[in-house]
Amino acid sequence: MSILRVENASVYYEDFQALYDINLSVEEGEIFACIGANGAGKSTLLKTISGLLTPRRGRILFDGQPIDHMPAHERVVRGIATVPEGRRVFTSLSVHENLLVGAYRNRKGPWRTDTVYELFPLLAPLAKRQASALSGGEQQALAIGRALMANPRLILMDEVSLGLAPVVIKRIYDAFPILLANGCTILVVEQDVQHVLTVASHVACFLEGRIALQGIPSELTNDQITAAYFGV
Ligand code: ATP
């Protein structure tokens, strides 16, 4: 059974329709990538899955159960955690305190502060540092670590490599197999298409609120992906 199913979901910001009849299934243990140009609707999809937005039509199933009217905090308890666009770490708190905040819905699982520091060794010496003093890459590692502290079964990552140096992006992506090995499924929104396609088991390309193309990356050609991305 799919861990997440989105069925015919249409999502609005008041009168503006941002998503049209979205259908997708995320299988347990996979990396599902959402790509597409600015404004295509990728962040809106993540917000709908995490519970910040409610679909006006259609539904969201997690483990086969409809969750579209469940509040966001209850979805965290069920095992859906988010790494938001722009990291959004708590800048007035230390690195360690940021991690502890992530554990407030204490689900059982492999992720604790020590295992997060093992995953991202760069964070360990910064434990007492205020999060505002971190670089973009350190903040992204912290945002992922904070989400992991909820011991999610599904982690939603928005714009995971935006504005980061290649060496930092590599460090983030190197963590993905460890997340999978610890029972976490990954749904990632990414602008760095080439990079994400090398790790994703499924890709959905968004165009103006619709999925223009989806499938297994190795079965899609560059031309197909480019056409779906730019709508040509
Ligand atoms: P980006 O890379 O810019 O984050 P995206 O694919 O994630 O792009 P969304 O942020 O989901 O796109 O935006 C989809 C559409 O919804 C865009 O046309 C955007 O202008 C609009 N939109 C996003 N947030 C709001 C909002 N709070 N109110 C009204 N419209 C919004």
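Ligands are counted one by one from 1 in listed order, and the atoms in each one are counted from 1 as well. Bear in mind the structure is a predicted one, so any value in this text is a computation, not a measurement.
Geometrically, ligand 1 and Lys47 share no nitrogen or oxygen pair separated by less than 3.5 Å.
Residue Glu85 has at least one heavy-atom neighbour below 4.0 Å for each of these atoms of ligand 1: 4 (O). Applying the 4.0 Å criterion to heavy atoms of Gln191 picks out, from ligand 1, the atoms 2 (O). Near Phe16, with a cut-off below 4.0 Å to any heavy atom, the atoms of ligand 1 are 15 (C), 16 (O), 18 (O), 21 (C). Close approach of ligand 1 to Ala37 is summarised as follows: ligand atoms under 4.0 Å from at least one heavy atom of the residue are 6 (O). Heavy-atom contacts of Glu159 reach the following atoms of ligand 1: 1 (P), 2 (O), 4 (O) (cutoff under 4.0 Å). Interface atoms of ligand 1 facing Ala18, defined by a heavy-atom separation under 4.0 Å, are 16 (O).
A donor-acceptor pair shorter than 3.5 Å can be found between the side chains of Asp158 and Ser43. Using modelled atom types, one finds a donor on one side chain and an acceptor on the other under 3.5 Å when comparing Glu190 with Ser161.
Looking from atom 22 (N) of ligand 1 to the surrounding protein, the closest heavy atom is Tyr13 CE1, 3.4 Å. Among all protein heavy atoms, the one lying closest to atom 12 (O) of ligand 1 is Gly41 N, 3.2 Å. The protein atom (non-hydrogen) at minimum distance from atom 9 (P) of ligand 1 is Thr44 OG1, 3.6 Å.
For atom 19 (C) of ligand 1, the nearest protein heavy atom lies 4.0 Å away or farther. For atom 30 (N) of ligand 1, a protein heavy-atom neighbour is present inside the 4.0 Å cut-off.
Looking at Pro110 and Thr115, their side chains never come closer than 4.5 Å, going by heavy atoms from C-beta outward.
Taking the six-membered ring where the residue is Trp, Tyr173 and Phe176 present tilted rings, their angle falling between 30° and 60°.
Distances shorter than 4.0 angstrom do not occur between any heavy atom of Gly209 and any atom of ligand 1.
If you look at Ser43 next to ligand 1, the close heavy atoms, those under 4.0 Å, come from the backbone and the side chain alike. Contacts with ligand 1 closer than 4.0 Å are made by no heavy atom of Glu14, backbone or side chain.
Closest non-hydrogen pair, Arg210 versus Tyr20, comes out as NH2-CD2, 3.3 Å. Thr82 and Ala147 make their closest contact through O-CB, 3.8 Å (heavy atoms, listed as atom of the first residue, atom of the second, distance). When all heavy atoms are compared, the tightest approach of Arg112 to Met149 is C-SD, 3.4 Å.
Figure legend: Arg146 and Phe90 shown as a cation-pi pair, the cationic atom lying under 6.0 angstrom from the six-membered ring centre and within 45 degrees of its axis.
Here the shortest heavy-atom distance to atom 1 (P) of ligand 1, taken over Gly39, Ala40, Gly36, belongs to Gly39.
Within a 6.0 Å radius of CD in Glu208, no more than 12 heavy atoms belonging to other residues, nucleotides or ligands are found. Counting heavy-atom neighbours within 6.0 Å of Arg56 CZ, excluding the residue itself, gives a total above 12.
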